[in-house]
Engineer: 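Below is a structure I'd like to ask you about.
The chain is numbered in sequence order, starting from 1. As a basis for the values below, the full set of heavy atoms in this structure was taken, side chains included, without hydrogen atoms, waters or symmetry mates.
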Amino acid sequence: MRRLAVIVLPLTLAACGSTSPHPGPRSHATSPRPRPAIRILAPSPGRTLTAQRVGSRLHAVARLRGSAAPGQQLAFRGGCGRSRCGGLTFADSHGRWRARIVLVTARSRRTVRLAVA
């Protein structure tokens with residue numbers, strides 16, 4: 001059985017908003033609280049997953065879980081060479097999220113870099 005190393009890199013998100021050339025009325029409301037950072041709780045960074053050989057590549061299933069702002073959309077993708085591996089998920093009302101991704105190594109490689117944003 002082969003092993004596939006997964007490197008998990010959490011990325012920060014920038015909030016998108018519209019900018020208007022005409023500022024609206026000023027209010028004395030408090031500033032909004034900053035969003036919590038995206039956290040990846042599993043798999044841990046550098047974790048090795050069991051993979052199956054398919055042709056000249058290795059395939060492994062990663063079960064991701066973490067936390068973010070409640071209702072936040074998260075995109076994840078793996079550096080799987082020419083194969084596409086990635087998807088979308090949403091944090092629940094408590095900020096917890098889960099996802100499953102099939103990772104595929106590029107030919108003659110043994111690692112896949114995984115990013116969540």
Engineer: Is there side-chain contact between L64 and P43, with heavy atoms separated by less than 4.5 Å?
Structural biologist: yes
Engineer: I need the full list of salt bridge (charged side-chain N to carboxylate O under 4.0 Å, His left out) pairs touching residues 93-105, with sequence neighbours left out, sorted by first then second residue.
Structural biologist: D92-R96
Engineer: What residues form a side chain to side chain contact (heavy atoms under 4.5 Å, CB included) with T89, not counting sequence neighbours?
Structural biologist: L74, F76, W97, A99
Engineer: Grab the two heavy atoms, one from C85 and one from I101, that are nearest each other, plus how far apart they are.
Structural biologist: C-CD1, 3.8 Å
Engineer: Restricting to non-hydrogen atoms, name the atom on V61 and the atom on L49 that form the minimum distance, rounded to 0.1 Å.
Structural biologist: O-CD1, 4.1 Å
Engineer: H94 and P70: which non-hydrogen atoms are nearest, and at how many Å?
Structural biologist: C-CG, 4.4 Å
